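All chains are named by letter (A, B, ...) in the order of the sequence lines, taking the proteins before the strands, and each is independently numbered beginning at 1. Quick caveat, the model's predicted, so the values are computed rather than measured.
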Protein chains: 2
Amino acid sequence: MKLSQRGEYAIQALLVLGMYHGPEVIRIKDIAKRQNIPRRFLEQILNDLKSGGFVQSRRGVAGGYRLERTPEEISLSEIIRHIEGPLESSHSLSLGDKKHNLHSDEAAKCAINFVMQDVRSAIVEVLEAVTLSDLCRRVREIQGPMENPPDYII
Amino acid sequence: MKLSQRGEYAIQALLVLGMYHGPEVIRIKDIAKRQNIPRRFLEQILNDLKSGGFVQSRRGVAGGYRLERTPEEISLSEIIRHIEGPLESSHSLSLGDKKHNLHSDEAAKCAINFVMQDVRSAIVEVLEAVTLSDLCRRVREIQGPMENPPDYII
DNA sequence: ACAATACTTGACTAAATTGGTCGAGATTCT
DNA sequence: AGAATCTCGACCAATTTAGTCAAGTATTGT
């Protein structure tokens with residue numbers, strides 16, 4: 001299980017929006033700067049997150065993004081599922097059809113898929129339990145101890 | 001978590017060797033045929049599995065492959081780790097170094113990595129518990145019920 | 001001895017994925 | 001009107017993945 005760069009950026013962006021969650025909107029530019037993400041790439045990602053119902057956007061000169069739901073309502077599993085594709089898919093060889101004789105390679109693939117399904121369940125179980133809010137807390141704990149001021153958005 | 005084709009083939013090949021485990025050796029050609037794996041590709045994979053200590057080979061006219069260890073001694077985690085690369089790696093941002101101020105993107109990446117480490121642990125926990133022997137049993141259960149004879153290797 | 005069989009090695013290639021860029025347009029604030 | 005900002009879709013380069021190929025080397029049956 002490795003997160004793609006795209007996936008990591010998406011979570012980082014949502015983290016910023018989560019940390020400053022409120023009625024106001026944050027500009028792409030600022031998110032990109034804070035998290036050190038290529039601006040154009042981030043545009044794509046935020047657009048994707050918008051179509052997934054994670055964020056809202058405002059256009060125009062005072063435009064930007066904000067979360068569509070509260071950080072407590074967004075789980076990591078949802079984010080990753082949306083950005084990296086379905087987490088539980090496995091096209092698992094119907095197997096209900098008994099008329100159809102299984103070749104030995106099909107039997108093998110099927111057995112392997114059973115295990116991989118267990119793996120996927122374990123992954124989902126972990127990710128389901130972590131909300132964006134949890135992650136925000138984590139970030140605060142990490143950068144809290146050191147007293148460098150929040151380095152406000154320019 | 002998705003298995004690469006290469007990884008799936010590797011497990012399928014080991015499954016064949018596991019099902020017919022004994023002192024005798026099985027030819028690449030037969031494994032390829034039974035599991036419907038491109039022969040040349042399978043050669044590469046078996047070679048890799050050999051250098052990983054999973055299988056032995058015998059050259060010459062009566063050559064082929066067999067397991068180097070018993071199916072009970074081989075866990076899925078080992079196989080996947082060897083074929084797909086380290087399962088637990090995460091170069092997790094030392095964080096011990098307090099002198100070094102964390103930028104907000106580093107803090108975010110760090111928080112994300114903590115969660116991903118949990119995910120990886122969960123994956124390993126599942127894979128660690130499944131041996132090649134377990135998988136072989138699974139395969140027998142799947143193809144057992146239907147009474148098509150084992151379709152012996154030609 | 002020697003032909004047949006089979007593994008060994010490393011280079012090669014085509015297709016898919018990933019990470020990222022670009023330009024033109026649409027929208028909103030002042 | 002004009003500047004700032006999001007929007008949309010096409011585009012591109014590097015990497016990875018899946019797979020092929022050829023020229024070896026080792027072993028064994030006869």
Undergrad: I'd like to check the side-chain contact (heavy atoms from CB on, under 4.5 Å) partners of B:E128; sequence neighbours left out, ordered by chain and number.
TA: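 For B:E128 the side-chain contact (heavy atoms from CB on, under 4.5 Å) partners, ignoring immediate neighbours, are B:S75, B:S77, B:R81, B:V124.
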
Undergrad: With a 4.0 angstrom cut-off to heavy atoms of chain B, pull out the first and last contacting nucleotide of DNA chain C, in 5'-to-3' order.
TA: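 Listing 5' to 3', DNA chain C meets chain B from C:dT5 to C:dA11.
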
Undergrad: Specify the residues of residues 1-8 of chain A, ordered by number, for which at least one heavy atom lies under 4.0 angstrom from an atom of DNA chain C.
TA: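 Close to the strand are A:S4, A:Q5, A:R6.
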
Undergrad: Any chance CD of A:E125 has more than 12 other-residue heavy atoms, nucleotides or ligands included, within less than 6.0 Å?
TA: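 No.
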
Undergrad: So, using salt bridge (charged side-chain N to carboxylate O under 4.0 Å, His left out) as the criterion, who are the partners of A:R59 when residues are at least two apart?
TA: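 For A:R59 there are no salt bridge (charged side-chain N to carboxylate O under 4.0 Å, His left out) partners, ignoring immediate neighbours.
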
Undergrad: Test of understanding: with ring pair (Phe, Tyr, Trp, His ring centres under 6.0 Å), list the residues that count as partners of A:Y65, not counting sequence neighbours.
TA: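 A:Y65: no ring pair (Phe, Tyr, Trp, His ring centres under 6.0 Å) contacts found.
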
Undergrad: Does a side chain donor of either B:S4 or B:E84 reach within less than 3.5 Å of an acceptor in the other side chain?
TA: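 Yes - a donor-acceptor pair under 3.5 Å links their side chains.
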
Undergrad: Which pairs with one or both residues in residues 2-25 of chain B pass salt bridge (Lys or Arg N to Asp or Glu O under 4.0 Å), sequence neighbours excluded?
TA: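 Qualifying pairs: B:R6-B:D48.
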
Undergrad: Taking side chain to side chain donor-acceptor pair (under 3.5 Å) as the definition, give me every residue that meets it alongside A:S121, ordered by chain and number, with sequence neighbours left out.
TA: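 Side chain to side chain donor-acceptor pair (under 3.5 Å) list for A:S121, sorted by chain: empty.
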
Undergrad: Applying salt bridge (charged side-chain N to carboxylate O under 4.0 Å, His left out), can you list everything that pairs with B:R66, at least two apart in sequence or on another chain?
TA: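 Listed in chain order: nothing, the list is empty.
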
Undergrad: At a heavy-atom distance below 4.0 Å, what parts of residues 43-53 of chain A sit against DNA chain C?
TA: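 The answer is A:Q44.
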
Undergrad: At the 4.0 Å heavy-atom cut-off to chain B, mark where contacts on DNA chain D begin and end, going 5' to 3'.
TA: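 Listing 5' to 3', DNA chain D meets chain B from D:dA18 to D:dT28.
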
Undergrad: Run the salt bridge (Lys or Arg N to Asp or Glu O under 4.0 Å) check on B:E43 and B:K29 step by step: do they pass?
TA: CA-CA 9 Å; B:E43 287 182 14; B:K29 192 207 296 183; over 6 Å; no

Undergrad: Could you pull out all residues at least two apart from B:H21 that satisfy ring pair (Phe, Tyr, Trp, His ring centres under 6.0 Å)?
TA: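 Ring pair (Phe, Tyr, Trp, His ring centres under 6.0 Å) check on B:H21 returns nothing, list empty.
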
Undergrad: For B:D134, enumerate each residue passing the salt bridge (charged side-chain N to carboxylate O under 4.0 Å, His left out) test, keeping only those at least two apart in sequence or located in another chain.
TA: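 If we apply the salt bridge (charged side-chain N to carboxylate O under 4.0 Å, His left out) test to B:D134, skipping adjacent residues, the hits are B:R137.
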
